[in-house]
Structure formats: C-alpha cells, structure tokens
Amino acid sequence: MPLPTRPSQTLPPFTPSRSALGAVRRRRPRAGRTLTGALLALLAATPALAAPVCYAPDALRARPGEEMVRRAGAPVALPDVRLPAARPVPAALSGSIRRVDLPPGVKLVALTFDLCEASGEVSGYDGALVDYLRAEHVPATFFGGGKWMISHPERASQIMGDAGFEMGNHTWSHANLAVKTGEAMTRQVDDADTAFALTRADASTAGCMLAKVPARPALFRFPYGSCSAESMNYVNETGHLAIQWDVDSADPAFLGATLMAQNMLRAIRPGSIVLMHANGRGKHTAEALRQLIPALRAKGYGFVTVSDLIAAGKPVVASTCYSERPGDTRVYDEAARTGRHILSRP
C-alpha cells in the first residue's frame, strides 16, 4: 500500500502544554539528588485511573470479534496537520533504549504493547487485554502505528485519554526502517506523528484531560526491532526516544498463555521493558497477562509507563537496534528487501 495522500485540507496547529522531552527532564531528579527506593515504590503502588473518565464504561469494554485482522479497504488520506517544531533528544539518550538500570532495591517493569497495522490489512484491537490492564490498575505504554490509529479512531483516542497509559509512534504502516531510506523512511515517521495529532484532537473533543499528552509523541518503536543509522538519526532528531526491549514475549508465536507467562517471568528483571502486542497479532496475550501480573506483584514488582521507568533510573542505550542480540533482525531486513513474507514477531 502506498503512503497516504495529503489533500489540501489543514487542521489548526496544536500548541503543546509542555514538550515531551521537557516532561521527561522535569520528572528526573536534579543533579546531586536521587529518588529514594521508598519514593519509587510509592510511584509504582499508586493506582492509575481505572478508565478514562471521558468515555462511558460501555464504550471502553471489549467487543466480540474486534481483535480479528482483516483485509484493508480504501486507501487512507491524511489531512495536513501543522505539528510543533521538534527538539532533538539529548545526546545521552540517542540510540535505542533497551532497559533502565534502577537504584538498588527498586523493582519496576514497563509493559509495552504494539498496535501495528501493515499495508493491505486492518489489524485488530485486543479489548480483553486492555480491559484487564484497567481493571488491575496497571500502567502501560502502547506504540501505535499511524495507519492503526486512523483505522481505530475511537480505540486510539480511548488509550490516549487514559491517564494510566501513554502512546508512542510505531511508524505509519510497520515498515522496516533498516531498508526504507529518504522520503519513504521519513514519511513513515512523520505520517504516524500526524495520526497521533489527529487522535489527540479526537480525545480532546471527547473531553479527555490531555495536559500530560504531548502534541507529538515522545516515544518511538522501530518495527521488527530493526533500524539503520539514517533512520535512527531521523527518529532522534525529530524528538523521539527510540524504545526497544530486553524481554520479548514472542506472543505472535502460538506458545500458549502459560509458557509465555513463564518465559517472561524468568526473563524480567528490575528495569525491564517487555514487548507484547494488542492488535490481534498476539496470541493468548491477555490470558498470559492474567498469570504474569499477579506473579510479578508477588515478587514485589510495580508497573510503570516507559516514560516513568526512564525517569526512575539510567537508561541502557545501544548504538544500534536488535531484538535479543546484535544482528538478529537481519532476517527481517532481508525479507523486506526481497518481498518474502515471514512470521513477524516484533
């Protein structure tokens, strides 16, 4: 599917209440100070809102069949949206953030969920998974594909309007940015930022309180966990922290809920960032969470968004992208170059 066309219609520019990077900086302790374990434990134990108050409970609940993936319909056209100027991320945070080193005794973990939608499809929405996170007051970070946000406008704005969640950029159509170059690469990033802005406008119209939601996303996740120096530079220069993971749930791989939960529980350590899916591509992810979350709580873990995890410690930054070890995403790069279809985990 080609990148979306841009009609002449324009929307008013958004004026951010604060820059996303400024928000991260303000949450970090000043020089010479550290957040104590007790304070961080309090942060982790503080429950998020059970649901965004701007939507009625019935509107939020999972609907049968909406998790199904189906063929795409008509091509998507995006209006022009004037976004605020981007501020490059600090040099110390340039590169791919894999996890966060936390102070001794602090046990926090960030659960993340990709909402990707590739060309030629309309992917789903795992409402049962989101319902469970809300019921258990578990903060989470979602990485929304721009195409997914446009295909699922109500669900995208519900997530964005939820004080317990945050949304990042996952490209327009899950393109491999180790292979895309030039305008094809930059449009994947920029068009997803535009979709984020449109979603923010929808959430604002619904009455959601969005003071903490930036006008353009502060976080970004590379599809397939793969990048090039060109795409990493562009992502960072346009103000996005590149977020990867150190724990892969492998939820598209039909492992079953129990095995998946056990594997994640063994791999998670304080400061982990966990990769999962909420777009219908994750198999048994909601059921695995019903085992994983109580087990992590029993081990003393608290749950935070990626932004709060970064603010709580020192991010571990790699110069390149990979899933578990450098070079392991080359199979996806080669598939993108040749047009070969393979099971896509990340």
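Values below: all heavy atoms of this structure, side chains included; hydrogens, waters and symmetry mates excluded. Everything numeric in this text was worked out from a predicted model, so none of it was measured.
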To the nearest 0.5 Å, how far apart are [atom1] in [X] and [atom2] in [Y]?
X: Ser173; Y: Arg187; atom1: OG; atom2: CZ; result: 10.5 Å
X: Lys212; Y: Glu166; atom1: NZ; atom2: CD; result: 11.5 Å
X: Ser119; Y: Lys147; atom1: OG; atom2: NZ; result: 6.5 Å
X: Asp191; Y: Met149; atom1: CG; atom2: CE; result: 10.5 Å
X: Ser249; Y: Phe113; atom1: OG; atom2: CZ; result: 8.5 Å
X: Met260; Y: Leu255; atom1: CE; atom2: CG; result: 5.5 Å

Steps toward side-chain contact (heavy atoms from CB on, under 4.5 Å) verdict (Asp246, Val316): CA-CA 10 Å; Asp246 66 328; Val316 176; over 6 Å; no
So, [X] side chain and [Y] main chain: donor-acceptor pair closer than 3.5 Å or not?
X: Arg281; Y: Asp114; result: no
X: Thr141; Y: Val306; result: yes
X: Glu67; Y: Gly124; result: no
X: Asp248; Y: Glu324; result: no
X: Thr199; Y: Ser157; result: no
X: Ser123; Y: Cys116; result: yes
X: Ser204; Y: Ala201; result: no
X: Thr305; Y: Asp308; result: yes
X: Arg216; Y: Leu83; result: no
X: Ser231; Y: Cys227; result: no

Salt bridge Arg82-Asp80, side-chain N to carboxylate O under 4.0 Å: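 A salt bridge is absent here (no side-chain N lies under 4.0 Å from a carboxylate O).
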Taking all non-hydrogen atoms of both residues, which atom of [X] and which atom of [Y] are closest, and how far apart?
X: Ala278; Y: Phe142; result: CB-CE2, 4.2 Å
X: Leu219; Y: Ser307; result: CD1-OG, 3.9 Å
X: Met276; Y: Met264; result: SD-SD, 4.0 Å
X: Cys54; Y: Gly161; result: SG-O, 4.4 Å
X: Phe196; Y: Pro214; result: CE2-O, 3.2 Å
X: Cys321; Y: Gln244; result: CA-OE1, 3.0 Å

More than 12 heavy atoms from other groups under 6.0 Å of CZ on Arg330: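 Result for CZ/Arg330: open.
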Arg63 CZ: over 12 foreign heavy atoms closer than 6.0 Å: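 Yes, the 6.0 Å shell around CZ holds more than 12 heavy atoms from other groups.
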Pair Phe254 + His284: ring centers closer than 6.0 Å: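 No: the rings miss the under 6.0 Å criterion.
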Proximity of Tyr224 and Phe222 rings by center, below 6.0 Å: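 Between Tyr224 and Phe222, the centre distance exceeds or equals 6.0 Å.
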How about [X] and [Y]: do any of their side-chain heavy atoms sit closer than 4.5 Å?
X: Tyr125; Y: Val130; value: yes
X: Leu108; Y: Val100; value: no
X: Met160; Y: Cys208; value: no
X: His240; Y: Pro217; value: yes
X: Gln158; Y: Phe165; value: no
X: Arg337; Y: Glu334; value: yes
X: Trp245; Y: Ser323; value: yes

Do the side-chain N and O atoms of [X] and [Y] include a donor-acceptor pair separated by under 3.5 angstrom?
X: Tyr234; Y: Asp190; result: yes
X: Glu230; Y: Thr181; result: no
X: Thr112; Y: Arg221; result: yes
X: Asp333; Y: Asn176; result: yes

Working for side-chain contact (heavy atoms from CB on, under 4.5 Å), residues Ile310 and Ile243: CA-CA 10 Å; Ile310 290 172; Ile243 307 300; 4.0 Å; yes
Mind checking whether [X] and [Y] sit in one hydrophobic cluster, side chains of I, L, V, M, F, W, Y counted as touching below 4.5 Å?
X: Val122; Y: Val76; answer: no
X: Trp172; Y: Val179; answer: no
X: Leu111; Y: Leu265; answer: yes

Lys NZ or Arg CZ of Arg98 over Tyr322 ring: under 6.0 Å, within 45°: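 Geometry flag: set, cation within 6.0 Å and 45°.
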Verdict with supporting geometry, Phe220 and Leu177, side-chain contact (heavy atoms from CB on, under 4.5 Å): CA-CA 12 Å; Phe220 180 92; Leu177 298 194; 3.8 Å; yes
side-chain contact (heavy atoms from CB on, under 4.5 Å) assessment of Leu93 paired with Asn236: CA-CA 9 Å; Leu93 295 176; Asn236 287 161; over 6 Å; no
